[in-house]
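In this text the structure is predicted, and so the values were computed from the model without any measurement. In this chain, residues are counted from 1 in sequence order. We count ligands from 1, going down the list as the structure has it; atoms in each ligand are counted the same way.
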Amino acid sequence: MKVAISSDHGGNRLRAEIIDLMDEMGIEYEDFGPKDDGSVDYPDYAKPVAQRVADGEFDRGIVICGTGIGMSIAANKVKGIRCALCHDVFSAKATRGHNDSNVLAMGERVVGPGLAREIARTWLEGEFEGGRHERRIEKLKELEQ
Ligand code: RB5
């Protein structure tokens with residue numbers, strides 16, 4: 001699995017934490033920045049991750065900002081993206097199983113690093129359940145037309 005990850009300035013520390021986690025898990029990733037702590041606009045950093053996941057260059061994406069909200073809204077504007085904003089482990093497991101979410105959003109100012117790592121681990125390991133959920137994903141795709 002290849003993961004694209006980015007944040008805005010509000011998510012830099014948590015992005016570093018999740019990169020550490022992916023190193024520990026042996027997951028291949030590419031970091032789309034930002035490279036320093038200066039203030040940036042979250043759509044500029046959600047876009048490269050979301051587009052590469054939508055294009056199939058990466059299997060999954062992780063986007064982080066202060067709340068996770070801006071990044072999740074931006075990622076979900078890209079056709080083919082099902083970005084889930086998760087701040088608990090139950091939702092992270094459920095959104096992989098039910099929504100086949102391909103991008104995870106989190107907010108550094110909402111969750112601590114320990115919980116964020118568990119959320120990301122659960123989401124990265126989670127598998128889509130298919131079945132009745134497949135039909136619902138197809139209906140999401142229809143909404144994009
Ligand atoms: C930046 O201050 C903050 O607005 C951003 O990180 C994010 O929370 C937006 O949704």
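Contact check on Glu108 versus Arg13 returns a salt bridge, with a Lys/Arg side-chain nitrogen under 4.0 Å from an Asp/Glu carboxylate oxygen. Ion pair Arg117/Glu17 flagged as a salt bridge, since at least one NZ, NE, NH1 or NH2 atom sits closer than 4.0 Å to an Asp/Glu carboxylate oxygen.
At the shortest separation from atom 10 (O) of ligand 1 among protein heavy atoms lies Gly70 N, 2.8 Å. The protein atom (non-hydrogen) at minimum distance from atom 5 (C) of ligand 1 is Asp8 OD2, 3.1 Å.
Between the choices Met71, Arg109, Glu108, the shortest heavy-atom distance to atom 2 (O) of ligand 1 belongs to Arg109. The closest heavy-atom contact to atom 7 (C) of ligand 1, among the options Ala46, Ser7, Cys65, Gly11, comes from Cys65.
Under the salt bridge (charged side-chain N to carboxylate O under 4.0 Å, His left out) criterion, Lys141 pairs with Glu138, not counting sequence neighbours. The salt bridge (charged side-chain N to carboxylate O under 4.0 Å, His left out) test applied to Asp31 returns Arg15, not counting sequence neighbours.
Near Gly66, meaning under 4.0 Å from any of its heavy atoms, are these atoms of ligand 1: 5 (C), 6 (O), 7 (C), 8 (O). Contact atoms of ligand 1 toward His9: 1 (C), 2 (O) (distance under 4.0 Å to a heavy atom of the residue).
Heavy atoms of other residues, nucleotides or ligands lying less than 6.0 angstrom from CD of Glu24 number more than 12.
Here's the thing with Tyr42: none of its N/O atoms is less than 3.5 angstrom from an N/O atom of ligand 1.
His133 and His98 have parallel rings, their planes meeting at less than 30° on a 0 to 90° scale where 60° marks the start of perpendicular.
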